[in-house]
Amino acid sequence: MDKVLSNKKMIALYVLPSLLLILTIVYIPIILTGYYGLNEWNGIGSMKFIGLENYANLMKDGKFWDSAWHSLLLALFSGLSLVIYLMISMVLAARIKGANLFRKIYLIPMLLSSVAIAQLWLRIYNPSNGILNSVLQSIGVDNPPAWLAEPSLVLLALFIPILWQYAGFYILIYYAALKNIPTSLDEAARIDGATSWQIAWKIKFPLIMETVKVTIVLAVVGSLKYFDLIFVMTDGGPNGSSEVMASYMYHTAFRAYDFGYGSATAFLLLVICLVVTWIIRWLTRSKDTIQYS
């Protein structure tokens, strides 16, 4: 085994298949998307090179910036929801009765496809016979809203099933991190008179901080490029009120057949995700990693 690990040719041979796969399905499409964004193209005929014109038009495109704002709201909502997921996981990790059952219940949405979840919540939000409006009418609300048809409510109505869909994923990550904390630390803190809140905030939270950083990046960046459930439930409507950057890119490329502009939108979305990831990592960097001259 040591001979294999010291042989550079063997290492290259083992790495090559994975490298080719990553190049084929990740990096080459990214490069091509950036190139298509420099052209005027309907996806069928010949391309016309126009340089940065598509990107310049994006900077002046009000619909794109509206979709970017909606994506940012979803990212902020997702980031704040991590606090709730962390609190739930701390409760589940505290050896409460039925913790295993609750973990399984929280994981159920992860087992469903986004299309199935969208269809479920479409029926919940149905204005005439949906369960939500039926409950509101039963408690005295005479004219409950049409949740997915109201521009002022549609984003909130979409955020709830999106966060419900991924709750189990983040709770499971936090739960696993918390269970790796030695119980001796908890016991020693209680002997010293620490309360449950002090143990959670002063001991457990700092010890799982690296896990929290990872989940912040996953939640925020995942929200910025979110597409499927919104596409099925509202298709960006009503009148663009629930349009996000990914759905705007789809509509531009595959509905308006402007693949050059759609590619520019997709490439700009990639750049935004990379910048946001760098900002989050910079803001959450550990103090011990800061270098002083």
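This one's a predicted model, so the numbers in the text were calculated from it and none came from an experiment. Start at 1 with the first residue, then count along the sequence.
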Does a side-chain N-to-carboxylate-O contact under 4.0 Å join Glu210 and Lys213?
-> yes
State, with a plain yes or no, whether a side-chain heavy atom of Val232 is found less than 4.5 Å away from one of Gln119.
-> yes
Can any side-chain N or O of Asn133 pair as donor or acceptor with the backbone N or O of Pro127 at less than 3.5 Å?
-> yes
Partner set under salt bridge (charged side-chain N to carboxylate O under 4.0 Å, His left out) for Lys225, not counting sequence neighbours = none
With a 4.5 Å heavy-atom cut-off, do Phe205 and Val212 have their side chains touching?
-> yes
Think Arg285 forms a cation-pi with Trp282, using NZ or CZ under 6.0 Å from the six-ring centre and within 45 degrees of its axis?
-> yes
Taking the side chain as every heavy atom from C-beta outward, state whether Ile199 and Thr195 have any pair of such atoms under 4.5 Å apart.
-> no
Look at atom CG of Asp192 and say whether more than 12 heavy atoms of other residues, nucleotides or ligands are closer to it than 6.0 Å.
-> yes
Should we count NZ of Lys179 as having more than 12 external heavy atoms under 6.0 Å?
-> yes
With rounding to the nearest 0.5 Å, note down the distance linking CG in Leu148 to CD1 in Ile124.
-> 11.0 Å
Decide yes or no for Pro161 and Met233: does some side-chain heavy atom of the first lie under 4.5 Å from some side-chain heavy atom of the second?
-> yes
Greater than 12 external heavy atoms within 6.0 Å of Met110's CE | yes
Would you indicate whether Phe227, at its atom CZ, is surrounded by more than 12 heavy atoms from other residues, nucleotides or ligands within a distance under 6.0 Å?
-> yes
Residue Ile131 excluded, over 12 heavy atoms near CD1 under 6.0 Å | no
Could you check Leu270 against Thr33 for side-chain contact (heavy atoms from CB on, under 4.5 Å), going step by step and ending with a plain yes or no?
-> CA-CA 10 Å; Leu270 170 66; Thr33 300; over 6 Å; no
Do the side-chain N and O atoms of Ser128 and Asn126 include a donor-acceptor pair separated by under 3.5 angstrom?
-> yes
Side chain Tyr170, main chain Ala219, donor-acceptor under 3.5 Å | yes
Is the side chain of Ser78 donor-acceptor paired with the backbone N or O of Leu74 at a distance under 3.5 Å, no angle test?
-> yes
Please round to the nearest 0.5 Å and tell me the distance separating atom CG of Leu73 and atom CZ of Phe77.
-> 9.5 Å
Option among Tyr35, Tyr257, Tyr36 that satisfies the ring-ring contact (aromatic ring centres under 6.0 Å, His included) test with Trp41 | Tyr36
Checking Trp121 side chain against Ile162 main chain: does a donor-acceptor pair fall under 3.5 Å?
-> no
Taking side chain as C-beta onward, heavy atoms only, is Asp228 less than 4.5 Å from Val115?
-> no
Please test Tyr174 against Thr211 for side-chain hydrogen bond (donor to acceptor under 3.5 Å, both in side chains), starting from the C-alpha separation and ending with a verdict.
-> CA-CA 7 Å; Tyr174 289 145; Thr211 302; over 6 Å; no
Are side-chain N/O atoms of Tyr226 and Ser71 paired as donor and acceptor at under 3.5 Å?
-> no
Side-chain touch Asp61/Tyr261, heavy atoms, less than 4.5 angstrom | yes
How long is the span from the CD1 atom in Ile108 to the CD atom in Gln165, to the nearest 0.5 Å?
-> 14.0 Å
Determine whether Tyr106 and Tyr85 make a side-chain contact, defined as any pair of heavy atoms from C-beta on separated by less than 4.5 Å.
-> no
Rounded distance [0.5 Å steps], CG in Leu20 versus CG in Leu16 = 4.0 Å
Does any N or O in the side chain of Asn54 come within less than 3.5 Å of the main-chain N or O of Ala264, such that one atom is a donor and the other an acceptor?
-> no
Report the distance from atom SG of Cys273 to atom CE of Met245, rounding to the nearest 0.5 Å.
-> 6.0 Å
Any sub-3.5 Å donor-acceptor pair from Asn57's side-chain atoms to Glu53's backbone N or O?
-> yes
Any Tyr125 side-chain heavy atom under 4.5 Å of Ile160 side chain = yes
For the pair Ser242 (side chain) and Leu155 (backbone), establish whether a donor and an acceptor sit closer than 3.5 Å, ignoring hydrogens and angles.
-> no
Spell out, as yes or no, whether a donor-acceptor pair under 3.5 Å connects the side chain of Tyr248 to the backbone of Glu243.
-> no
For Gly237, does its backbone N or O pair with a side-chain atom of Asp235 as donor and acceptor, under 3.5 Å?
-> no
Say you draw a straight line from OG1 of Thr215 to CG of Leu86; how long is it, rounded to the nearest 0.5 Å?
-> 8.0 Å
Around atom CZ of Phe49, are there more than 12 heavy atoms of other residues, nucleotides or ligands at under 6.0 Å?
-> yes
Just checking, any donor-acceptor pair under 3.5 angstrom between side chains of Tyr175 and Arg103?
-> yes
